[in-house]
Every structure is written in structure tokens, then in C-alpha cells.
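To start, the structure under review is shown below, and the notes come after it.
Every number for a ligand or one of its atoms is a count from 1 in the order of the listing. Counting from 1, the numbers follow the sequence of the chain as shown.
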Amino acid sequence: MLLFHDVVVALSRARAALTHSGEPNGVVVLGATGSVGASTLNVIRRHADRFRPLVLTANRNWRALDKLADHWSPEYVVLASRQPPDFAPRWHGEWRFGPHALVEAAAHDSADVIVNAVVGVAGLEATISAVESGKRLALANKESLVAGGSLVVEAARRGGGEILPVDSEHSAIHQCLAGTPASNVARITLTASGGALRDRSGQDLLEATAIEALAHPTWDMGQKVTVDSATLANKALEVIEAHWLFELEYDRITAVVHPTSIVHSIVEFRDGSAIAQMSRPSMEIPVLWALSCPARLDDRRDALGFDPLTDGPLEFLPIRRDDFPLFGIGVAAGRTGGELPAAFNAANEVAAARFLAGDLRFGDLRAVVEGTVERFGSRAPASVADVREIDSRARRAARGIADSRAKNI
Ligand code: NDP
């Protein structure tokens, strides 16, 4: 498996990269038109002496990509979908189209860092491409590790690539560990804001709609991850992500609700000492760490500073597993392994999309995800094609269940 050895390798390689003076480091931003993409470009804007965007990508939103290209003048841009019929960009640089162009960009020869901020399992091939070609991968796209964890780790071994987590919880763990071997870790605790539905229960929770779920109390994020945060499916995805990133068995990974999102994660070591990473919620902090690690660049902004007098008390609560069943279903899928994590991810993507479309209520999500996952077995995917096959089968099953539930609304 990846990890501590690889993280240590990553740190020494990063040191070399960052002391290399002259040209700013080239950054490929996959998913540049999204929320993490915007955070990444904000970080790059403040550190233009260190980083420059080399390639920017989107899926369908060519107008937003056009504006970004006009502003940043990258080497080229990619629209992962086909060229749309009404395509008439203002930016006259090079446009590439299709999912293969996304994968190519992830292995760009002159790139120093690839930021994968694509949403969903669509980011899997790009993740593999980046680490297989020996790049530093700043990974926000947790779905690729959930669906294809062992394949990503093997590709990183083969190609010598390194993964720097962008998810705030995993960035926190990475920072707390500072290269300490896994054998010294007793337990890691991921924190969860609890999402917009945290204080609801009973019928009030079961009937919650996506509009209510989108009112996130602490983070401003893309729609899918905001829904995942409200259902706590996000925390299950993150437990699986942590398992692969930090080479920890599931018994050593736990999660708690921490409503104010100040403590991003806690690492407890064998000797009883626990280290936490804290900041007010901003994705720009983990993005900067993933780009600059092991250097700490000057980036303090007053509104985001941590103040123990005003940011306390720090409250932690257990996850209400009965009320938020996707958490337990996802963690169980991770523990069982085989086809289940990819099936869980696919079912959750379908459930979140149908919830967002207004077809399902919160109370329907369990049936869609659980009813899908239980159809899958223990044979682990041996290739990306296997993951794709599991993903399509799970999507079909999940859509079928979602259709039958949608009729009840
Ligand atoms: P957004 O929905 O805001 O943005 C997603 C980006 O991915 C957009 O650029 C979108 O392009 C692109 N995209 C969507 N579908 C595809 C596809 N099939 N192929 C290629 N590109 C695609 O998502 P977020 O920025 O919120 O999240 C991105 C990832 O980061 C997710 O995995 C999420 O879980 C993770 N994450 C997000 C956090 C946040 O604060 N937002 C926090 C921690 C993790 P287009 O604009 O054309 O649709």
C-alpha cells in the first residue's frame, strides 16, 4: 500500500521542487469551474510568483471555462464533455474535448502539480494518470479513492506519484502526522460539521428536501458534496479515503460531529498524545498545503485566523447513526471491500443527484443506497474497467430503486 513511506518520499521530493528557483510551478486544475477549482485559483492568484495555471478543465460549463481561460491564459483548456452545439468562446487559445483529454492533462509533461477537483467517480482515470506519471496529485476528488483505492495506490507505486490530500480532514491528518509512521498512530478522528440537517430528527428529518440540505452551516461547497455532508455519506467516503491515504485499518479510523468545523481532524498517537489541526473553515488552507508542502507560505488572512478566545468552546458529538444511515452503510462497504465501495459510491452519486432533482426525500436515500450495495459481492476490482462495470451496474440498480421511490412523492 501507499503511505507513510510514500509521504516521506513526497516530502523530500517536494522540498526539492520548492527550492527550485525561477519559473513558477505549473499547475493543472481539473474541475477549475467548481468550488475547489475556485479555491485553487484564489490560492494561485495570491502566490503568482510560485504557481501558474497550466491547464484548466471543466465538464460542460464552457462559458465559465472561457472566462477563466481569458483571465489566466493557460496553455490549453479541456471540456471533458463533447463540444457543445452553441460553442462560441471568446478565448481563442487551444480547446480540447472529451474525457481522454482530461486524462492526458493529468499527465502533462511540464506540470508540477495536478489538482483533481472533479466531482464524482469521473475523476478516477485522471487520478490514476497523474500518479502513474509520477506527478504530485493534490486530491480533492475523494470518489476516485473510494471506488478504485487499490488501483490508485498501485499506480502511485508504479509511477512514483505522490498524493497530497485536499479534503480538509485528510489535509489535517497529513499535517498532524508530519511523516510519523502509521505504527505510531493509535487512532485518527475525522470531524464532520453534521451538515444542514444536523439538528433534525424523526419525520422532520425523513421529509427533508435537497433545498434544506443545501443550506450548509459552515462550508460553501459544490452541490453534491453539500448533500453528502447533510446525509453524512461524505463522512463515510472520507473514512474510506483515509484508509487508503494513511494505510490505517478501519478500527483505527473514527468520526465525530463538530458543529463549528474549527478542528479538522485529530491524530492520537500510541503514547496518548493527540494532535489536532485547526483553522476557520476555508478550503484555501488545505489547497495551499497540497501545493506548497513542505513549505509554509505566508498566507495568513485575519478573517481565517484561529482565536482560542472566540472560536471556542469546541464541541464534539457522536454521529447519530440511526438518523444518518448512509454513514454506517458506507463504512461497512469500506470494511467489506471487494465491489462494495465502488457500488456504494455509485449508488450515493445517483441518490444525491435524484435528491437534488427533487425526486427523493431524505428518508428515501437509505433504500436507494442500501438496496444497491446489498447486490454486490466481495470480488475486488482488478482494473479500471472492472470499477466502471461495477459503477454502471450499481447506477442501474440505484436508478431502479430511486424510480420506485420517486413515484411515492
Ligand atoms: P463542484 O460541483 O463545485 O465542481 C466540480 C467540477 O468538476 C466542475 O469544474 C465540473 O465542471 C467538473 N466536472 C463535473 N463532472 C465532470 C465530469 N464528468 N468530467 C470532468 N469534469 C467534471 O464540486 P466541488 O468543487 O464542490 O467538489 C469537487 C471534489 O472535491 C468532490 O470530489 C468533492 O467531494 C471534493 N471536496 C469538495 C470540497 C468543497 O469545499 N467544495 C471540500 C472537500 C472535498 P462543470 O462546471 O462544467 O460542471
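- Side-chain rings of Trp95 and Tyr76 stay apart, their centers remaining 6.0 Å or farther from each other.
- Panel note: side chain Arg46, backbone Asp298; no donor-acceptor pair is recorded below 3.5 Å.
- In Met221, the parts holding a heavy atom less than 4.0 Å from any atom of ligand 1 are both the side chain and the backbone.
- For the pair Gln223 and ligand 1, the shortest N or O to N or O distance does not fall below 3.5 Å.
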_Does Lys224 form a salt bridge (charged side-chain N to carboxylate O under 4.0 Å, His left out) with Glu143? I'd like the steps, not just the answer._
CA-CA 11 Å; Lys224 191 256 181 186; Glu143 295 91 343; 2.9 Å; yes
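- Ring geometry, Phe316 versus His258: the interplanar angle falls under 30°, so the pair is classed parallel (tilted spans 30 to 60°).
- Within the structure, ligand 1 has Lys142 among the residues with a heavy atom less than 4.0 angstrom away.
- Looking from atom 43 (C) of ligand 1 to the surrounding protein, the closest heavy atom is Asp167 OD1, 2.9 Å.
- Ionic pairing of Arg354 and Asp403 is present here: one or more N-O contacts between side-chain nitrogen and carboxylate oxygen are shorter than 4.0 angstrom.
- Polar contact with ligand 1: present for Gly222 (N/O pair, distance under 3.5 Å).
- At least one donor-acceptor pair under 3.5 Å links the side chain of Asn141 to the backbone N or O of Val118.
- Looking only at protein heavy atoms, the nearest one to atom 35 (C) of ligand 1 is Ala140 O, 3.2 Å.
- No donor-acceptor distance shorter than 3.5 angstrom exists from the side chain of Ser229 to the backbone of Val225, with no hydrogens or angles considered.
- Checking only distances, Gly37 never comes within under 3.5 Å of ligand 1, N or O to N or O.
- Looking only at heavy atoms of the protein, atom 3 (O) of ligand 1 is closest to Ser35 N, 2.9 Å.
- The 12-atom threshold is exceeded at CZ of Arg45, counting heavy atoms of other residues, nucleotides or ligands nearer than 6.0 Å.
- Of all the atoms in ligand 1, the ones that sit under 4.0 Å from a non-hydrogen atom of Asn141 are 32 (O).
- When hydrogens are left out, the protein atom nearest atom 23 (O) of ligand 1 is Val119 CB, 4.0 Å; that is the closest non-hydrogen contact.
- The protein atom (non-hydrogen) at minimum distance from atom 25 (O) of ligand 1 is Val36 N, 2.9 Å.
- Of the candidates Ala122, Gly34, Ala101, Ala122 brings a heavy atom nearest to atom 18 (N) of ligand 1.
- Between Glu143 and ligand 1, at least one pair of N/O atoms sits closer than 3.5 Å.
- The closest non-hydrogen atom to atom 6 (C) of ligand 1, taken over Ala126, Ser171, Gly123, Ala117, comes from Ala117.
- What sits closest to atom 22 (C) of ligand 1 on the protein, heavy atoms only, is Asn59 CB, 3.3 Å.
- Any N or O atom pair closer than 3.5 Å counts here, and Asp220 shares no such pair with ligand 1.
- Residues Glu241 and Lys235 are not paired through a salt bridge, judged by the lack of any N-O separation under 4.0 Å between the basic side chain and the carboxylate.
- Residue Ala64 places no heavy atom under 4.0 Å from ligand 1.
- At the top of the distance list for atom 46 (O) of ligand 1, counting protein heavy atoms only, stands Thr33 OG1, 2.6 Å.
- When only non-hydrogen protein atoms are considered, atom 20 (C) of ligand 1 lies nearest to Ala80 CB, 3.4 Å.
- Electrostatic pairing of Glu162 and Lys135 does not count as a salt bridge here, judged by no charged N lying under 4.0 Å from a carboxylate O.
- The contact set between ligand 1 and Asn61, taken as ligand atoms under 4.0 Å from a residue heavy atom, comprises 45 (P), 46 (O), 47 (O).
- Here the shortest heavy-atom distance to atom 7 (O) of ligand 1, taken over Leu139, Val118, Thr40, Leu102, belongs to Val118.
- Using the six-membered ring where Trp is involved, His243 and Tyr250 have ring planes that are parallel, under 30° apart on the 30 and 60° scheme.
- Under 4.0 Å is where a charged nitrogen must lie from a carboxylate oxygen, and between Asp251 and Arg335 at least one such pair does.
- Between Arg50 and Asp112, none of the side-chain N atoms (NZ, or NE/NH1/NH2) sits under 4.0 Å from a carboxylate O, so this pair counts as no salt bridge.
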